[in-house]
Amino acid sequence: VQTAAIGRAHGIGQIGVASLLLTPLAASLAGRASEHWPEGMKPIAWGRDACVRCNMRIADHRFAAQLRGGPKDTTFKFDDVGCLVFWLEEQRVRFPWMNDATTRMWVAAWESPSAEKAVWLDPRQARYIAKRSPMRYDLAASTATNADTPSLSYAEMRAKTLARGK
C-alpha cells in the first residue's frame with residue numbers, strides 16, 4: 001500500500017514537472033499563432049470555429065470574415081462574406097452597435113497565400129470579385145485594383161447579396 005502511494009505521488013510529480021515545461025512552449029506557440037492577426041481581431045481556429053450565421057466550420061481562409069464591437073466587445077466569425085452581410089441585416093435590432101463607426105470588421109483577401117499569411121481588409125473599403133465561395137454567395141474580397149478585373153464596391157456587393165437571398 002505504501003509503495004503504491006509513493007508511486008502515485010512520484011507520477012503526480014512528473015505530471016507537474018511536465019506541465020511546467022510545456023507551459024512556455026504552449027505560450028510560445030499561441031503567440032506565434034496570433035502574430036498575423038490585425039490588431040483587435042480574435043484568432044480564427046481554422047476548421048474548428050463555426051460561422052455564427054450558418055454554423056458551417058470556417059475552413060477556407062480566402063472567404064473568412066469577422067465582426068467585433070459593442071459594450072461587451074463581442075466577436076462574431078463568418079465563413080463567407082455573404083453570411084456577414086445577412087448577419088448585419090438580420091441582427092441589427094438585437095445588436096444596434098453593429099452600425100456604429102467604432103465597430104470593427106475584417107474580411108480575408110482572396111489573394112491571401114495561406115491562413116497563416118492571410119491579408120485582412122476592412123469589408124467596407126474592399127472591392128469584391130466573382131469567386132465560388134463556401135455558402136455560394138460567390139463573392140470574395142480582393143486587393144486587386146486592376147481596372148480590367150470587374151469588381152463591386154461594398155455597397156454593390158451588399159445589395160447583390162441581399163437581392164439573391166438565403
Side-chain angles (χ1 to χ4, degrees), residues 26 28-166:
S28 169
L29 292 174
R32 282 194 195 120
S34 64
E35 285 176 4
H36 68 281
W37 302 103
E39 184 179 335
M41 188 175 181
K42 295 272 187 171
I44 295 173
W46 303 109
R48 292 192 309 265
D49 282 348
C51 175
V52 69
R53 183 166 187 270
C54 69
N55 292 315
M56 188 169 149
R57 297 283 172 222
I58 304 171
D60 193 334
H61 68 276
R62 300 168 301 170
F63 297 97
Q66 189 175 121
L67 165 72
R68 187 168 181 200
K72 295 182 182 178
D73 204 24
T74 307
T75 300
F76 298 113
K77 299 175 184 180
F78 305 90
D79 68 324
D80 192 306
V81 71
C83 285
L84 169 66
V85 167
F86 272 100
W87 183 261
L88 289 167
E89 188 69 21
E90 297 163 350
Q91 301 295 324
R92 72 174 122 173
V93 172
R94 184 173 168 204
F95 302 106
W97 54 263
M98 291 191 302
N99 292 326
D100 290 349
T102 58
T103 298
R104 293 168 290 177
M105 291 191 275
W106 300 270
V107 63
W110 165 259
E111 298 85 2
S112 297
S114 67
E116 293 75 25
K117 295 181 180 179
V119 175
W120 295 98
L121 309 171
D122 180 330
R124 297 162 286 205
Q125 305 303 316
R127 299 293 299 176
Y128 295 86
I129 58 174
K131 294 291 178 184
R132 186 174 178 154
S133 68
M135 291 304 295
R136 298 305 315 267
Y137 293 107
D138 296 341
L139 292 166
S142 177
T143 58
T145 56
N146 185 347
D148 295 334
T149 304
S151 65
L152 303 173
S153 68
Y154 176 76
E156 293 166 328
M157 177 277 295
R158 181 182 175 280
K160 182 176 181 173
T161 299
L162 292 173
R164 181 172 186 244
K166 196 162 113 172

Original post:
Less than 4.5 Å apart, any side-chain heavy atom of M157 and any of V85?
Top reply: yes

Original post:
Looking only at heavy atoms, what is the nearest atom pair of W110 and A140, with distance?
Top reply: CB-CB, 3.9 Å

**OP:** Would you check if the side chain of D80 reaches a backbone N or O of M135 as a donor-acceptor pair within less than 3.5 Å?
**Re:** yes

**OP:** Identify, with sequence neighbours excluded, every residue that meets side chain to side chain contact (heavy atoms under 4.5 Å, CB included) alongside Q91.
**Re:** W87, R94, F95, M98

Original post:
Do the side chain of T103 and the main chain of W97 share a donor and acceptor less than 3.5 angstrom apart?
Top reply: yes

Original post:
Within the distance-only criterion (no hydrogens, no angle test), does the side chain of Y128 pair as donor or acceptor with the backbone N or O of P123 below 3.5 angstrom?
Top reply: yes

Subject >> Donor-acceptor pair, side chain of D138 and main chain of S133, under 3.5 angstrom >> reply: yes

Subject >> Student check: side-chain heavy atoms of F78 and V52 closer than 4.5 Å >> reply: yes

Original post:
Between the side chain of E111 and the main-chain N/O of T143, is any donor-acceptor distance below 3.5 Å?
Top reply: yes

Original post:
With distance as the sole test, does D122 use its side chain to make a donor-acceptor pair with the main-chain N or O of R124 at under 3.5 Å?
Top reply: yes

Subject >> Heavy-atom closest contact (H61 atom, S112 atom, distance) >> reply: NE2-O, 3.1 Å

Subject >> Non-hydrogen side-chain atoms of I44 and W37 separated by less than 4.5 Å >> reply: yes

Subject >> For the student: nearest non-hydrogen atoms of V107 and A141, plus distance >> reply: CG1-CB, 3.6 Å

Subject >> Pair D73 + R68, salt bridge at N-O below 4.0 Å >> reply: yes

Subject >> Results of side chain to side chain contact (heavy atoms under 4.5 Å, CB included) for K117 - residues two or more places apart only >> reply: P113, S114

**OP:** Would you name the heavy atoms of A115 and W46 that are closest together and state the gap between them?
**Re:** CB-NE1, 3.3 Å

Subject >> Any residue meeting side chain to side chain contact (heavy atoms under 4.5 Å, CB included) with N55, in chain and number order, not counting sequence neighbours >> reply: none

Original post:
What's the shortest heavy-atom distance between P134 and D79, and which atoms?
Top reply: CG-O, 3.5 Å

Subject >> I58 to C51 - nearest heavy-atom pair and separation >> reply: CG1-N, 3.8 Å

Subject >> Side chain R57, main chain R48, donor-acceptor under 3.5 Å >> reply: yes

**OP:** For the residue pair M105 and L88, establish whether any side-chain heavy-atom pair is separated by less than 4.5 Å.
**Re:** yes

Subject >> Cation-pi, F86 ring and K166 (6.0 angstrom, 45 degrees) >> reply: no

